[in-house]
Amino acid sequence: MRIGKGYDVHRLVPGRDLIIGGVKIPYEKGLLGHSDADVLIHAIMDALLGAAALGDIGQHFPDSSDEFKDADSVELLKRVGELIAEERYFVGNIDAIIIAEKPKMRPYIDRMTDIISEALELDRDQVNIKATTEEGLGFTGEGKGIAAEAVCILMRATEMVMNNGCCATCEKRH
C-alpha cells in the first residue's frame, strides 16, 4: 500500500472560467494557469503520481509545453490513471479538500465526484471531496485564490486479496 499527497493553488483573475473538479462554476473570476488551472484535479494527480513514485504533474505536463496550454485537466487525469495502471497500481481511495472563500462549492461537489470517479474508472465511493474556507485569513481567505489538497491510497495487484480472480475492492478482473 502506498500513500500520496498533492497540493495546488492558483490565483483568481477576471476573464477566465472557474473550473474545479472538471465543473465550470459560474463566478466573476477564474483561476490563472497554463492549463485550465483546475486546482482540485491537479492536487489529485500529484497525489496519485506521488504514491506511485512517478514524479509530479510538472514532469508529465510541463507548463513550458504548448501541448498543455489551456489543457482540460480531466483529460490529463485520465492519462495519470493510465500511468498508474501501467505500473499495476489500483486506487484504494482519494480524499480531497477545496479551500476557497467564494464561491460556495457544495452545490458542485457531487458532480465533481462523478467526473473524477468516471475519469479514473473508480466507484463513486472511492472519491471523497469536501470544501472549507479559511475564515478570511491568508491568500485563499482574502479571495485572492483557491487551493486544494488531496491524499490517496494505491495498492498493487499483488497486495490485494484475490477472490475468484477479482480483487477484493472492486468487481473488475485484473
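All values below were derived from every heavy atom in this structure, side-chain atoms included, with hydrogens, water molecules and symmetry-related copies excluded. Because the structure is predicted, anything quoted here is derived from the model rather than measured.
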Shared hydrophobic cluster, Val13 / Val9 (ILVMFWY, side-chain heavy atoms < 4.5 Å): no

ILVMFWY network linking Leu54 to Ile41, side-chain heavy atoms under 4.5 angstrom: yes

Enclosure of Arg16 CZ (heavy-atom neighbours >12, cutoff 6.0 Å): yes

Heavy-atom pair of closest approach, residues Val74 and Ala119: CG1-CB, 4.1 Å

Over 12 foreign heavy atoms within 6.0 Å of NZ, Lys144: no

Salt bridge flag under 4.0 Å for residues Asp110 and Arg124: yes

Glu75 bridged to Lys78 by N-O distance under 4.0 Å: yes

Test side chain to side chain contact (heavy atoms under 4.5 Å, CB included) applied to Phe61 and Met45, step by step: CA-CA 11 Å; Phe61 314 112; Met45 288 191 298; 4.2 Å; yes

Steps toward salt bridge (Lys or Arg N to Asp or Glu O under 4.0 Å) verdict (Asp46, Lys5): CA-CA 7 Å; Asp46 263 345; Lys5 181 177 181 181; over 6 Å; no

Atom pair CZ (Arg106) and CD1 (Ile129), whose distance is rounded to the nearest 0.5 Å: 9.5 Å

Met155 CE to Arg88 CZ distance, which is reported to the nearest 0.5 Å: 13.0 Å

Atom pair OG1 (Thr133) and NZ (Lys104), whose distance is rounded to the nearest 0.5 Å: 5.5 Å

Stepwise side chain to side chain contact (heavy atoms under 4.5 Å, CB included) test for Arg2 and Arg156: CA-CA 9 Å; Arg2 301 183 62 126; Arg156 275 225 162 102; 5.6 Å; no

Gap separating the CG atom of Asn128 from the CD1 atom of Ile94, nearest 0.5 angstrom: 10.5 Å

Stepwise side chain to side chain contact (heavy atoms under 4.5 Å, CB included) check, His10 with Asp8: CA-CA 7 Å; His10 285 277; Asp8 196 34; 3.0 Å; yes

Residues Met112, Leu40; criterion side chain to side chain contact (heavy atoms under 4.5 Å, CB included); working and verdict: CA-CA 9 Å; Met112 291 175 193; Leu40 177 60; 3.9 Å; yes

Shortest non-hydrogen separation from Leu18 to Leu12 and the atoms involved: CD1-CD2, 4.2 Å

